[in-house]
2 protein chains.
Amino acid sequence: MSRPTIAGVARAAGVSVASVSRVLNGLPATEEMVERVQRAVDELGYVPDARARSLKVGRTFQLTLAVADVGNPVYVTMMRAVEEVVSAAGYRLVVTTTGPDVVDEVALVRGMARGYADGLLISPIRVDEDLVKSIRECEVPVVVAGNVPAKAGVDTVRANSPKGMLLAVDHLVAKGRRRIAFLNGPADTVPGAARSKGFAEALKAHELQPAAVAEATDFTFAAGRAAAPDLLAAGGLAGSRSHRRRGGDEPAPTTIRPTGGAFDAVICANDLLAVGVMHELAAAGLEVPADVAVVGMDDSELAEQSFPPLTSVNLGSAERGRRAAELLLARIEDNDRTPRRIVVQPSLSIRRSTP
Amino acid sequence: MSRPTIAGVARAAGVSVASVSRVLNGLPATEEMVERVQRAVDELGYVPDARARSLKVGRTFQLTLAVADVGNPVYVTMMRAVEEVVSAAGYRLVVTTTGPDVVDEVALVRGMARGYADGLLISPIRVDEDLVKSIRECEVPVVVAGNVPAKAGVDTVRANSPKGMLLAVDHLVAKGRRRIAFLNGPADTVPGAARSKGFAEALKAHELQPAAVAEATDFTFAAGRAAAPDLLAAGGLAGSRSHRRRGGDEPAPTTIRPTGGAFDAVICANDLLAVGVMHELAAAGLEVPADVAVVGMDDSELAEQSFPPLTSVNLGSAERGRRAAELLLARIEDNDRTPRRIVVQPSLSIRRSTP
DNA sequence: TTGTAAGCGTTATCAT
DNA sequence: ATGATAACGCTTACAA
């Protein structure tokens with residue numbers, strides 16, 4: 001007893017397969033025909049095979065969302081927004097995870113040619129020539145939530161993190177903080193590079209010097225913790241302690257650019273890093289925000305869950321997800337439209353980690 | 001210029017489609033044949049169509065993981081474990097999210113009959129007759145990460161939350177806490193019911209009375225916060241304040257069972273609820289763990305990220321994910337094996353939210 | 001309105 | 001070892 005096929009239904013109903021197909025797709029048919037087909041369908045528990053259907057019609061009605069790290073709460077915000085838009089349009093959303101390496105992303109994009117889905121929404125963390133090429137050549141529509149060169153010829157929706165940085169610095173300065181440190185994620189990533197540049201510009205706008213800058217090996221909580229002692233040391237806020245924690249299985253050492261002077265605020269490239277830093281600050285006996293103010297980026301669910309709740313730059317993850325999804329749907333409708341490059345403006349969610 | 005098909009490759013290589021297929025699938029062929037086909041494939045950038053292939057061979061080499069809430073960090077732990085197992089076996093993992101309603105789960109299970117994937121790994125939060133029925137009748141192998149009646153005739157991997165509760169209570173009692181409160185999630189869910197029962201048993205084992213019991217409307221941070229004031233009120237730890245926060249757009253009121261007496265410890269049905277409670281405890285001027293010890297469940301990444309780091313019952317999410325994935329793969333190999341019901345034992349991860 | 005039949009892009013069976 | 005061809009389960013001209 002295998003799955004019933006449309007032929008089985010046709011036989012049971014005493015009609016042709018074409019009629020069954022028509023009834024199932026709501027095409028014109030007589031009362032009686034609909035009746036008979038429906039009965040047979042119910043009786044046999046027939047469900048059309050999506051593979052066969054999509055082979056024929058050339059569409060799967062599935063969309064793929066690819067994220068680098070399911071553990072990063074910024075993606076859940078985005079995912080929720082995307083899900084809402086695509087399901088309203090009658091598509092199934094499937095999520096796959098790529099990992100931090102660009103080769104995995106390239107493999108994924110190439111793999112889309114196999115016809116798994118009608119479109120791909122990808123938020124790449126590292127971008128290289130190969131990835132751009134694979135996106136440009138991809139058989140199915142792709143939209144990138146993030147920054148990818150215009151020559152990729154693809155729709156993009158990205159954040160304005162320099163502007164976000166400025167919001168953060170403005171706020172800190174307004175609260176009287178001048179010695180601002182920065183904990184970045186890997187600078188060889190797209191967001192890492194953008195935030196680094198943004199931080200420098202924002203400080204320059206206020207005629208300030210960075211109090212300390214460090215680079216975590218990853219955009220994760222663990223990497224944030226691992227990088228914090230070095231940041232503290234660079235900022236003159238901790239001494240020998242900074243090397244005590246380096247155990248055997250910790251991530252590789254962080255890159256430090258000591259710029260002298262203690263800091264009274266630290267901006268982190270995302271919320272996970274910020275929460276990691278806050279833990280280490282507490283371990284060093286420093287109070288947030290009294291001794292050091294902390295600002296995260298992404299304004300993910302983690303920002304309100306953390307303690308103290310984290311002031312965070314809202315880079316519009318939900319809106320980016322929503323608009324990216326809309327762009328994808330639009331491109332599926334019409335693949336000839338000229339690629340759009342949308343920039344979503346940031347805002348600042350002020351919570352208790354800043355004064 | 002549409003996608004090249006196997007026919008195009010065959011034409012370009014001057015061989016038959018059958019030969020192309022053979023070469024691509026590593027079946028015996030002469031040096032020269034392999035050579036020619038390979039060249040044509042590279043030249044055209046041919047990628048086999050997964051839909052057509054799976055229509056023919058009856059397998060998609062995709063597996064679906066369905067979770068109720070992508071925002072719940074326990075699922076990321078599980079997801080990572082599942083991903084590792086299935087990708088090692090040559091399957092793609094796709095994640096879909098169901099939402100908290102059982103009807104969505106049923107729809108998803110039924111939908112699997114369309115042939116989206118070769119197997120389904122589902123972690124249902126609510127279970128009813130319909131769901132059991134849909135799982136039993138599902139065309140593709142299903143394994144449940146969670147608790148579902150044996151009559152469903154399906155492989156299950158579940159946690160032992162009563163045992164976990166006992167671990168938590170043992171620990172609290174050993175630390176001198178006797179007035180233990182419990183914040184549950186919705187009792188009409190499978191984990192909610194199990195944890196409620198487990199809590200009662202664990203207290204009885206120590207001949208203790210519950211200090212306060214409340215039920216959040218959801219297993220989320222927001223619901224945890226919303227429920228906390230009532231819990232505090234029930235425990236005599238807060239007065240009128242408990243109703244101050246109830247704004248217009250807050251979740252529905254929580255169910256309270258006041259049992260008298262202030263409490264010095266609270267066990268929460270998952271980490272998100274625990275973090276929510278900790279926020280409200282702080283807002284009420286109570287210190288964790290000095291005034292109130294807090295224990296979460298799931299031992300998710302959030303437990304170490306929270307502040308203070310959360311003592312949490314490790315219900316073996318990673319192991320559950322791993323074993324569930326193994327079960328699924330085994331059943332795909334042999335659908336006639338008798339269903340297994342695996343129970344994973346808990347452990348306690350002690351952190352600073354308890355003394 | 002309904003039925004017949006030709007594909008969609010593969011793989012697998014059968015000859016050769 | 002290779003090639004022709006029949007499925008896989010569906011949709012859609014086209015014919016009746």
Side-chain angles (χ1 to χ4, degrees), chain A residues 1-41 44-62 111-118 139-140, chain B residues 1-41 44-62 111-118 139-140:
Chain A
M1 56 146 270
S2 182
R3 281 175 58 177
T5 74
I6 198 172
V9 175
R11 208 174 312 120
V15 302
S16 75
V17 292
S19 298
V20 177
S21 176
R22 277 190 217 100
V23 169
L24 261 34
N25 292 309
L27 296 174
T30 56
E31 272 299 289
E32 197 215 331
M33 176 62 83
V34 173
E35 177 85 8
R36 293 175 68 168
V37 169
Q38 208 52 261
R39 191 187 348 264
V41 164
L44 299 178
Y46 168 75
V47 181
D49 185 303
R51 300 182 301 255
R53 176 165 212 282
S54 71
L55 178 60
K56 181 65 188 164
V57 303
R59 300 179 74 169
T60 62
F61 292 96
Q62 292 199 192
M112 291 308 292
R114 308 184 92 94
Y116 291 123
D118 298 340
E139 315 280 347
V140 305
Chain B
M1 59 145 270
S2 181
R3 282 177 57 179
T5 74
I6 198 171
V9 175
R11 210 175 309 119
V15 300
S16 74
V17 292
S19 296
V20 177
S21 176
R22 276 191 219 100
V23 169
L24 261 33
N25 291 305
L27 297 174
T30 56
E31 271 302 282
E32 198 216 328
M33 175 62 81
V34 174
E35 178 85 6
R36 293 174 69 167
V37 170
Q38 208 51 261
R39 192 187 345 263
V41 164
L44 299 179
Y46 167 75
V47 180
D49 185 303
R51 301 182 299 253
R53 176 166 213 280
S54 70
L55 176 59
K56 183 62 188 164
V57 304
R59 300 179 72 169
T60 61
F61 292 96
Q62 291 198 196
M112 292 306 292
R114 308 184 92 92
Y116 291 123
D118 298 339
E139 315 278 348
V140 305

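Below, chains carry the letters A, B, ... as their sequence lines are ordered, and counting in each starts from 1.
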From B:Arg114 atom CZ to B:Glu139 atom CD, the distance as rounded to the nearest 0.5 Å: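 Between B:Arg114 CZ and B:Glu139 CD, I get 12.0 Å after rounding to 0.5 Å.
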
OG-CZ distance between A:Ser16 and A:Arg22, expressed to the nearest 0.5 angstrom: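 It comes to 6.0 Å.
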
Under 4.0 Å protein heavy-atom contacts per nucleotide of nucleotides 6-16 of chain C, with B for base, S for backbone only and - for none: -BBBBBBB---

Result of checking A:Val23, A:Leu44, A:Leu24 against A:Val9 for side-chain contact (heavy atoms from CB on, under 4.5 Å):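 Testing A:Val9 for a side-chain contact (heavy atoms from CB on, under 4.5 Å) against A:Val23, A:Leu44, A:Leu24 leaves exactly one candidate, A:Leu44.
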
Would you check if the side chain of [X] reaches a backbone N or O of [Y] as a donor-acceptor pair within less than 3.5 Å?
| X | Y | result |
| --- | --- | --- |
| B:Asp49 | B:Arg51 | yes |
| B:Arg3 | A:Ala113 | yes |
| A:Arg36 | A:Ala13 | yes |

Span of DNA chain D, from the first to the last nucleotide whose atoms fall under 4.0 Å of chain A heavy atoms: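 Counting from the 5' end, contacts occupy D:dG9 to D:dA13.
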
Flag side-chain contact, heavy atom, 4.5 Å: A:Tyr116 against A:Thr60: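 A side-chain contact is absent here, since even the closest heavy-atom pair is not under 4.5 Å.
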
